[in-house]
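Here the structure comes first, spelled out in C-alpha cells, and everything after it is commentary.
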Amino acid sequence: MKFGVVVFPGSNCDHDAWYAASANLGHQAEFLWHSDSSLKGSDCVILPGGFSYGDYLRCGAIAKFSPVMASVKRFAAEGGYVMGICNGFQILTECGLLPGALVRNRGLKFICKEVRLTAATANSPYTRAIPTGAELRIPIAHGEGCYVADDATLDMLEAGDRVAFRYVENPNGSLRDIAGVLNEGRNVMGMMPHPERATEPLMGSSDGRMVFESLIQCYASQFSPAK
Amino acid sequence: MSQITPEIVQAHQLTPGEYEHIVSILGREPNITELGIFSVMWSEHCSYKSSRIHLKKLPTRSKLVVCGPGENAGIIDIGKDPEGNDYCIAFKIESHNHPSFIEPFQGAATGVGGILRDIFTMGARPVAVMDALRFGPLDDPQTGARNRRIIDGVVAGIAHYGNCFGVPTVGGETVFEPSYAGNPLVNVFALGVFRKDQIFYGKATGEGNPVIYVGSKTGKDGIHGASMASAEFTEESKQKRPNVQMGDPFMEKLLLEACLEAMHTGAIAGIQDMGAAGLTCSTCEMSSRAGTGIEIDLAHVPQREQGMTPYEIMLSESQERMLLVAHKGRENEVLDVFKKWGLDARIVGTVKSDGIMRVRNHGEIVAEIPSRPLADEAPIYDRPHTKPLRKVPMEGPAIRSKDLTADLFTLARSEDLCSKRWIWEQYDYMVRTNTVAGPGGDAAIIRIKEIGSSVAMALDGNGRYTYLDPREGAKLMVAECCRNLSCVGAEPVAATNNLNFGNPERPEIMAQLVEAIEGMADACAFFETPITGGNVSLYNETLGEGIFPSPVMGIVGVMKTEMPVGIAFREAGRGIYLIGGIGEADGVRMGGTQYAKQVVKDMWGLPPALDMVFEKQVQTAVREMVTSRVVESAHDVSDGGLAWALAEAAFDNLTGANIDVDSELAPELLLYHEGPSRVVVSTADGKSVETMAAKHGVPALKIGVTEAGRLKISNKGITLVDTPLATLRESWATALESKLEAEVHA
C-alpha cells in the first residue's frame, strides 16, 4: 500500500507520519508538496499535524485553498482514503470534507499527553482491526482540538455510525467526547489524537498501529469503503 | 555627519576609554551609525568583556569535540550510521532573561527562536529543546501576582514557539526564589543532529561571493536589545517593551526547511543567523572569522517600514533573519530554494578581501569599520573581585521536626518540588517521534533515527548552593548533571553553560562569577565533559538587588537506543538499594537544602560536601547497572534528600517502599540531607547490584523493599515517615496548578 503525506508550509508531523507508515508499518510512503496537484498514485493520503501556513486566521483555513487540496477533494470523492491527523483534521473540517469544527481546548491551553480512546465503530476502514471496547493509548498534542458541531449534525453523525473515536476521559471539551469522525462515504477520517506517534514500543505505545493496520487490511481485501 | 558628544557615548553604554579605542581603530571620529555598531558589538552581551578572561579557564576539548566555543553552537561527534557516515550533534544553551521580564510571552518565545537558529545555521536539524526557568514565589503577597503572570507568559511563549516550529520541548527545571521576582531567568537549551560532512560555519569566504539576506523584513523592533541585556533593571525598564522582539515560529520553520535544503545544494559558502545585534553582528563576525571584508547596501535590505535610518537597520533585532554567502555563479540555486518556501531572499552585498565591513545606503557609505577589531578587539576587563557576596550565617537554627511525615507533605506541595506537569503538558514533547524519555525523569532521551544511538540531556543548576559557596556549588551542579545522565545509562560527553549573575562591576558579584567558573572548570575537567559553548548573562539585578548566582549547566550523554530505565519503581517486592550509601551530613550542610527552605524557612551554612572521585565511581557503577538491566529503576538523590527521592520514585506506579536503615544521623538529616553521590535503585537481582557496586568500590546499601501504595521509612526499626502514596501524590500533583489558579481569584 502506498501512503502519500502532504507537506504544507508549517506541517511538522509530516515526517512522523511518513516514518510510521514506512519504517514502522513497512509500507511505501511519499511526501506530496502542497503546491503540486499530483498525488503520485497514493492509495491513502495523510494530512499530517502541524501549523499549516502558520495557522494564521484559523487552523486549516488557508490550507484548504492549496492546489494539493483540490486533488485531495477529487480523490476523496472517488472513494480514496484520506486521513487527517490533528491539523489535518482541522483542514478536513475547514474544506468541508468532514462536518463540524475544532475550536480552542476547554482549558485554553495547549495539551500534550497520552490519552485513552475507544473506537466508536468497527465499521470503517480505520477501525475494523480494533477490538470492540478496547482502549487505545494514543497521544494528543493540540491547542485547538475541541470538536464542536450543532446538535443536528452530532445526531446525524451518531445515527450514521460516523463517530470513529471517542475519548475515555475528555481532555479538551469535545462535544460527546468525539475524538475522530468519518465522512458519509466512510473513506475520509479525521482525528485529533496522533496514531502515528504510537507505532512502536520505544514511543511508549504501539496502539496507533491498529489504525494503520485497519487501513492496510482493508486495502488488501479491497474492502469497499462505501456502505 | 553628526557630532558625537560624551553624552551620546554614554547613552550607548560605552566608557570614555572604549570610545578612545574606537577612535584609534578608525583613525577618526565615528559617525552615529558606526558608534551604534560598536556599542552593540562591544556590549557585555555580545563581547563577554567581563567574563572572557575567566571563561578561558574552562576545558573545551576532547576527542569527540568537533567544534568548541566561538561558533554558533558546539559540535560533538556521536558515531556512525550503518553506511559509515559520521553523525554529530550541535547544542547550546542561551538566556533570554531580560526580555522575558519585560514581555514574558514574546521574550521567552524569541529566546527559543534565537537558540534554534543558532543550531540550524550550522546545518543541524533541531531535535530537542529544554528550559531552565527561575521565577519569583507564586504566593508572595507583594510580587505573587506578577510572578504568576510571568510564569504563565513564559511557559505559553516557549510552548507557542517550540510547538509551532515542531521541535519537542523534552524537559528542564523550574525553581522559585524571591531573588528572581524582579529578574526571572529563561535559559533555553537546544540540540540538533546532522552529518559531519554537512556542517556549515559562519564564515564569509571567497572574494566576490554574493551576500544574501533571507527571512523576515527588518523593522524597528529590538533596537539595542543587546545593550538592554547588559544593564540593570530600573523603574524605566518597563518602558523598554518596544526593545523586545516579536517572534514568528512559522517563519522560522520555513527558514529551517529552506536553509537545510539550500545547504544541500552545495551552493552555500557560509551562513549565520541574525540574533543579538542583528545585521551588524552577522556581517562583521562572518567576515572577521574568514579574514575577509564585506560590503552591503542597505537599500537592498527588505524593510518593514519606510524611512528607517542606517542606524536602525543595522541595529534592528527583528527575528527570523539569516545572512548567507553563496558561491559566485550559483546564487540562483540558493534563491530558487527560498522562493520554493515562499521566503524573501535578496542579494545585499559582496565578500571583499580588504578586511573592512563597509555599509552603504543607496551607494553612499554610512559605515566603514575594520571587521576584525570590531568583532574581536572588544575591550576585555579583569574586573576586581573580592569575597563572594554572602549575607547568611554559617550556623543555622536547631532543626527539630514536629512531624517528619508532615514535612514530606510540605516538600510535596512546595513550588520547587511539586509536579511540573502544568508546565510541560503545554509543550509538545513528542513531535518528531524521537522522545524515548520526556519530561519528569532524571534526564531526557532523544533517539537519533539515523544511527543506533540516543542522546541523553540533563539541565541543572542550584542557586542556593552557588550562593552559599560559588565554587563548590558549581562543582555540585556538574556532578548532578552527570549523575542524572548516568541514571538513564548515558555516558556524559560534553557540556554547555549559562552563567546568570548580577552586576560584574560589583567586586563581590564578580567574585561569585570567577569562583563559579573555576569550580565548573575543575569539575568539567574531572568528569571529562568539555564546555563547547554557552552564554553569559550579567546585570541580572533590579533596583540594586541581584539574583542568586545562578549558573545553569546542560550536559549531553550518549547511549544505545533501547527501552529506557526510568526513575519509577515498577513492581512490589523488589529490593531497594542506595548506591553510595547514606552519606555524611551535619547542621551546617543542611542550610542550603529544600528542607531548610520549605520547612525551616531559612538559609545558612554550606552546600553539601562533594568528593568528585567517589561521585565518579558511583556514576560508573550506576551506569553499568542500568545498561546491563540489572536494575528496574534508578533515581538520584538530590533536592529534598533521600525521603523525597523515594517519594518521586513511588509516584508513577503508586508503588512505594518500606525502608529500614541503621544510621546514627538525626532523623531530619537522614531523611532530608542532600549529600551527592547517591542513587536509589530497585532490582530483582540484588546479588548483581552488590557485585557491580563492589567492583567499582562503592557501597550498595540494601535499605528496603518496594511496596504497593505506601511509603514507610524507619531507622533502627523506629518509624519516621509513614503515609499512603495516594494522598502524597495528590498533594504533589496538584500544587502548582492550585497556586496558579490564585490568579483567577486575585
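Source: prediction; values computed, not measured. All heavy atoms count here, side chains included; hydrogens, waters and symmetry mates do not. Within every chain, numbering begins at 1; the chains are lettered A, B, ... in the order of the sequence lines, protein sequences first and strands thereafter.
Proximity to chain B at a heavy-atom threshold of 4.5 Å picks out A/Glu196, A/Arg197, A/Glu200, A/Pro201, A/Leu202, A/Met203 from residues 196-213 of chain A, in numerical order. The stretch residues 421-434 of chain B places B/Trp422, B/Glu425, B/Gln426, B/Tyr427, B/Asp428, B/Tyr429, B/Met430, B/Val431, B/Arg432, B/Thr433, B/Asn434 near chain A, each with some heavy atom under 4.5 Å from a heavy atom of that chain. Near-neighbour residues of residues 47-56 of chain A relative to chain B, defined by a heavy atom under 4.5 Å from a heavy atom of that chain, comprise A/Phe51, A/Tyr53, A/Gly54, A/Tyr56. Within residues 91-99 of chain A, no residue has any heavy atom less than 4.5 Å from a heavy atom of chain B.
The number of heavy-atom neighbours closer than 6.0 Å to NZ of B/Lys217, taken from other residues, nucleotides and ligands shown, is 12 or below. Under a cut-off of 6.0 angstrom, the local environment of NZ in B/Lys339 is sparse, with at most 12 non-hydrogen atoms contributed by other residues, nucleotides or ligands.
Contacts with chain A were tallied for B/Arg447, B/Lys253, B/Glu562; B/Arg447 has the most, counting heavy-atom pairs under 4.5 Å.
With a 4.5 angstrom heavy-atom cutoff, A/Lys113 touches chain B via backbone and side-chain atoms both. Looking at A/Ser35, there are no atoms closer than 4.5 Å to chain B (heavy atoms on both sides), in backbone or side chain. Only the side chain of B/Lys449 has a heavy atom closer than 4.5 Å to any heavy atom of chain A.
Between A/Phe110 and B/Asn163, the closest side-chain pair of non-hydrogen atoms falls below 4.5 Å. Counting heavy atoms from C-beta outward, B/Asp152 and A/Lys109 have side chains that approach closer than 4.5 Å.
Of all heavy-atom pairs spanning B/Leu254 and A/Pro9, the tightest one is CD2-CB, 3.5 Å.
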